[in-house]
Amino acid sequence: MIIIYHCFGGSHSSVVAAAVHLGLLPEGRVPSGRELRALPLFDRRSPRSHGVILPLGRDASGHEVCVLGAASCFPVLRRAVLGVAACLGVGTHDVVFVDTLPCVNWLMRLGGVISRTLRLPWLGRPLVSQGARMAYRRLAALAVSTRDRLADPARAGSAPGPGLSTPARGGSAPT
Amino acid sequence: MKVFYHCYGSSHTSVVAAAIHTGRLDPGRTPTAAEIRAVPHFDQVLDADLGTVFPAGRGPDGEEVFVVGFGPGREIVRRAVISFLELKGVPERDYLLVNALTRANWAVRAGGVVSRRLGLVALGRPLATWGIQRAYGRLAGLVRETRAEVRRRAAGPAPAPAAEAGHGPTPGGRGPGEPRPVP
């Protein structure tokens, strides 16, 4: 299964959620700004990387966890990706898109624009780090619920979470 | 081999290029306005269908041809498609993404906006059709290059050195070796 966390730039909220999913960040406490900034992709990707679906690792169930910056064209992007893949005979039933943007606050947006778009990371990175810490509980809850919902009991040793036991075909996970 | 012609809305340049590729339109003669308007999907696709892939038939070497509109973020969508197919292990030699928008002129663009965006079909469609006629030679050239690339790939395992496999070769109109996605 491929789990794609997506946001605007693929640098902040999606990276944090994917990191929680993979166990790179704690679930039970808010990490420090330093811990966030130590993530390999946190506040690193440029607008030129928008669209690139980048794998971060595999979770305990063997699912590939990826991040994506879809800018403002996610609906078109999703249709095109799944449509082209279907034409090529590629199965898409095992693809789950998870939108992390609903967890994002104004500080993350402001810091992200300053750091990534205006290329002033010395100013934007502290802001976006603080914003990510403020949004952390929501992001972590989203990642944990996604991971548990899609967990393979045979491999992960845990039962799927309540509510959604089967992901929609190539669909977006509710947030 | 599958060939995907893409433009903004899969309504004008991509569908005409696909029609040339599949033999519906003669590459050696500029078609009449009626012939262009009779091409399936010409000036028909709505914004809500951006990203939807439409089949357009088969090319002379048996390759399947499709059209798709990537919308305003075409480079982003294109990178997503390519990186997703890489994740899925699809060989680059199995597909071509060909950007037909590079062969558009101002009349096609303006006519497309007026017809599809503003809904003024009576004004926009004739303008887009006229623009397609003016750009027809360039679109036929794009198809010629694409067909040649299809044959090159069918003939040998190695893609042409000048073309970036799978990324819309020279037919993309950006010259040889389009940049790969930046992680």
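Chain naming here is simple, since letters A, B, ... match the order of the sequence lines and numbering starts at 1 in each.
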Step-by-step side-chain contact (heavy atoms from CB on, under 4.5 Å) determination, Arg109(B) to Leu101(B): CA-CA 9 Å; Arg109(B) 292 175 195 267; Leu101(B) 196 58; 4.1 Å; yes
Residues Phe42(A), Ser129(A); criterion side-chain contact (heavy atoms from CB on, under 4.5 Å); working and verdict: CA-CA 9 Å; Phe42(A) 186 80; Ser129(A) 299; 3.6 Å; yes
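Both the backbone and the side chain of Phe84(B) come within less than 4.5 Å of a heavy atom of chain A. For a residue to count as touching a neighbouring chain, one of its non-hydrogen atoms must lie under 4.5 Å from one of that chain's; by this rule Val84(A) touches chain B with backbone and side chain alike. Within the 4.5 angstrom heavy-atom criterion, atoms from both the backbone and the side chain of Leu50(B) approach chain A. Contacts of Val53(B) with chain A are made by side-chain atoms alone, with heavy-atom separations under 4.5 Å and no backbone atom involved. Only the backbone of Ala70(A) comes within contact range of chain B, with heavy atoms under 4.5 Å apart.
For the ring pair (Phe, Tyr, Trp, His ring centres under 6.0 Å) with His21(B), the lone residue among Phe4(B), Phe66(B), Tyr5(B) that qualifies is Tyr5(B).
Under a cut-off of 6.0 angstrom, the local environment of CZ in Arg29(A) is crowded, with over 12 non-hydrogen atoms contributed by other residues, nucleotides or ligands.
In terms of heavy-atom pairs under 4.5 Å with chain A, the best-connected choice from Leu85(B), Asp94(B), Val68(B) is Leu85(B). When the candidates Leu87(B), Ile76(B), Val90(B) are compared by the number of heavy-atom contacts under 4.5 Å with chain A, Ile76(B) comes out ahead.
Pairs of residues two or more places apart, or lying in two chains, never qualify as ring pair (Phe, Tyr, Trp, His ring centres under 6.0 Å) while including a residue from residues 100-121 of chain B.
With sequence neighbours excluded, no residue forms a ring pair (Phe, Tyr, Trp, His ring centres under 6.0 Å) with Tyr136(B).
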